[in-house]
2 protein chains.
Amino acid sequence: MEEKKHMVGGISRKTLERLPVYHHYLEGKFAEGTETISAPMIALDLKLNEVQVRKDIASVAKTAGKPKTGYAVKDLIDDLEEFLGYHNVNQAVLVGAGYLGRALLSYKGFEQYGVEIVMAFDSDGRKVDTKIGGKMVLPMAKLENLCQRMNIHIGIITVPAKAAQEVCDQLVAGGVRAVWNFAPVHLNVPDHVLVQNENMAVSLAALSKYLYEVQKKEEPI
Amino acid sequence: MEEKKHMVGGISRKTLERLPVYHHYLEGKFAEGTETISAPMIALDLKLNEVQVRKDIASVAKTAGKPKTGYAVKDLIDDLEEFLGYHNVNQAVLVGAGYLGRALLSYKGFEQYGVEIVMAFDSDGRKVDTKIGGKMVLPMAKLENLCQRMNIHIGIITVPAKAAQEVCDQLVAGGVRAVWNFAPVHLNVPDHVLVQNENMAVSLAALSKYLYEVQKKEEPI
DNA sequence: TAGATTGTTAATCGATTAACAATC
DNA sequence: TAGATTGTTAATCGATTAACAATC
């Protein structure tokens, strides 16, 4: 009965990560006037395997593709949007209006993926009552109460590491069910709360390491 | 002879991503005065499998662990630092000093993972010649030449989508071998250049979708 | 019809986890 | 010694890719 941890709504996280890529690609095709498209074509353009494309599509599409023709671009876009929750926006709050917090508040990409950051909180009085990316920055004292009243279930933590656990506790007290954590600390939360850690440094470190290995090979002693 | 694509320097990318986590954890333990530590202990604290911990350690450690005792914390830290290139810093440039660019320029976490962003470029004359996070913002015209002269091999793209390909071309012309791309576009590069795409929206979208599925289960019709 | 494309079942591949002998 | 822990080989698990019959 229990769904496996790495599955979300019947599809794997890997597939879920590719869905917005298809959506973006299909939007472009649709704008160009393309009405139908085949899996091999999508796979070629996005550098994916065509079977993978078909399986991904099968997991979200309501209508089947047609042999020899492919899929209706408009239908695919609609199905992707419904699946990704475009018309069912989840609201989120952000805590910590530093550089990273401001970057996220100003980022235009979230809403098209079914998430809207509705307000921010910061402990710095100078930031409170200003607007960033069109969103109000409010004092920490209002966090718990506002999250509850607005029935908000997603919290984004962009505060320094030493403040993160306390912020997290306040979010959980406010009813938040999922936390996107940019602070480089392990957060302790109740079982019903999901924490997703984001470590910007790791991605760049991996890239750097890769480069170092390549260079080592090219410049033998 | 050819190393598999998903392997970097003999270890998988997954392992590579965990190494900084071990490093951060061990630094904390070392600061507390812990001299030796076992794989089961690390696994417990970091919520990993103990065999995985042992394999990860085996892939970077110079000295073996001792049965019944575990590993010398200081040695492990040293080995991790050497492997991650702490003492062998790769330099990077960033293009696009918007909110996200400024967040990355001010982020303190990169240098401890062997990467240093040494300067930024922006097409906006008002930003040129200012300093962000202690790093100079320079005009685009200087990008290619400076990358070449300073022998810089990593470029970070935080410009709007429509400018990204041109920026990427300039970086490649300047000798960059690895590109960390935050713009939501597919970049075309020569074979010897590695592009790593970062899509902030995908992570949050996945979290949101997960939450939506959980809620659907809890509130049946 | 012929053949391109779909959808699905089977094979492969990589990463994680389990099992277990070696050893301090 | 007894037993905790290491290092490694085997089993499992998930995701990707290949093979192929169905079909428009």
Side-chain angles (χ1 to χ4, degrees), chain A residues 2-19 21-22 25-26 29 34-73 75-76 79-80 202 206 209-210, chain B residues 2-19 21-22 26 29 34-73 75-76 79-80 202 206 210:
Chain A
E2 184 161 347
E3 195 162 60
K4 279 166 197 163
K5 191 194 162 194
H6 62 280
M7 298 291 274
V8 177
I11 66 162
S12 74
R13 185 177 165 121
K14 291 275 186 186
T15 296
L16 185 54
E17 288 183 358
R18 283 189 296 267
L19 297 182
V21 179
Y22 296 130
Y25 168 80
L26 292 169
K29 284 288 168 187
T34 309
E35 292 189 357
T36 62
I37 196 159
S38 71
M41 185 67 189
I42 298 173
L44 183 72
D45 284 344
L46 298 178
K47 300 189 200 300
L48 298 171
N49 179 285
E50 67 169 88
V51 181
Q52 189 170 59
V53 172
R54 251 181 248 124
K55 285 197 170 172
D56 287 346
I57 288 175
S59 68
V60 296
K62 288 208 183 62
T63 50
K66 278 185 188 156
K68 190 130 160 109
T69 315
Y71 307 88
V73 174
D75 288 354
L76 272 191
D79 290 345
L80 282 166
V202 167
K209 179 66 189 169
Y210 171 83
Chain B
E2 184 161 349
E3 193 162 62
K4 279 166 197 165
K5 192 193 165 195
H6 62 280
M7 299 289 275
V8 177
I11 66 162
S12 74
R13 181 173 169 124
K14 290 275 185 185
T15 296
L16 186 55
E17 287 182 358
R18 284 189 295 267
L19 296 183
V21 179
Y22 296 130
L26 292 169
K29 284 289 169 186
T34 309
E35 292 188 359
T36 62
I37 196 160
S38 71
M41 184 68 189
I42 298 173
L44 183 72
D45 284 344
L46 298 177
K47 301 188 199 301
L48 298 171
N49 179 284
E50 65 168 89
V51 180
Q52 189 170 59
V53 172
R54 251 180 247 123
K55 285 198 171 173
D56 287 346
I57 288 174
S59 68
V60 296
K62 288 209 183 64
T63 51
K66 280 185 188 157
K68 187 125 164 124
T69 315
Y71 306 88
V73 175
D75 289 354
L76 272 190
D79 290 343
L80 282 165
V202 167
Y210 171 84

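In what follows, every chain begins at residue 1, and chains take the letters A, B, ... in the order their sequences are listed. In this text, all values refer to a predicted model and were calculated from it rather than measured experimentally.
When the side-chain nitrogen and oxygen atoms of B/Y71 are compared with OP1 and OP2 of C/dC24, none of them lie within a distance under 4.0 Å. Taking 4.0 angstrom as the limit, B/R18 places none of its side-chain polar atoms (N or O) nearer than this to OP1 or OP2 of C/dA15.
At a threshold of 4.0 angstrom between heavy atoms, the contacts of B/K68 include nucleobase atoms, whether or not backbone atoms are also involved.
With C/dT6, D/dT5, D/dT16 as the choices, the nucleotide that has an atom nearest any side-chain atom of B/S38 turns out to be D/dT5. Side chain of B/R54, nearest nucleotide from D/dC24, D/dG7, D/dA19: D/dG7. The side chain of A/P67 has C/dA4 as its nearest neighbour among C/dG7, C/dA15, C/dA4. Out of D/dA19, C/dT16, D/dA15, the shortest distance to the side chain of A/V51 is found at D/dA19.
A 3.5 Å limit on both hydrogen-bonding distances identifies C/dA4 as the Watson-Crick or G-U partner of D/dT23. Across all strands shown, D/dA10 forms a Watson-Crick or G-U wobble pair with C/dT17, both key distances being under 3.5 Å.
Under the 3.5 Å distance criterion, the side-chain polar atoms of B/D56 are left unmatched by any main-chain donor or acceptor of B/T15.
Atoms NZ (B/K47) and P (C/dT17) sit 14 Å apart, rounded to a whole Å. Regarding B/I42, its CD1 atom lies at a distance of 8 Å from the P atom of D/dT6, rounded to whole Å. With rounding to whole Å, A/L76 atom CG is found 10 Å from C/dT6 atom P. Between B/L16 atom CG and C/dG14 atom C1' the separation is 16 Å, expressed in whole Å. What separates CD1 of B/I37 from C1' of D/dT5 is a distance of 13 Å, to the nearest Å. Rounded to whole Å, the distance from CG on A/N49 to C1' on D/dA15 is 11 Å. Rounded to an integer number of Å, the gap from B/K14 NZ to C/dC13 C1' is 15 Å. Taking atom CD1 of residue A/I57 and atom P of nucleotide C/dT8, one finds them 13 Å apart after rounding to whole Å.
Between A/D56 and B/E50, the residue whose closest nucleotide on DNA chain D is further toward the 5' end is B/E50.
For D/dT6, its base never sits under 3.5 Å from the side chain of B/K55 at any donor and acceptor pair.
The two residues B/L26 and B/V73 have their closest heavy-atom pair at O-CG1, 3.8 Å.
Summarising the local packing, NZ of A/K66 is surrounded by 12 or fewer heavy atoms from other residues, nucleotides or ligands at distances under 6.0 Å. For B/E35, the CD atom counts as loosely surrounded, since its 6.0 Å shell holds 12 or fewer non-hydrogen atoms of other residues, nucleotides or ligands.
Rounded to the nearest 0.5 Å, atoms OH (B/Y71) and CZ (B/R54) are 6.0 Å apart.
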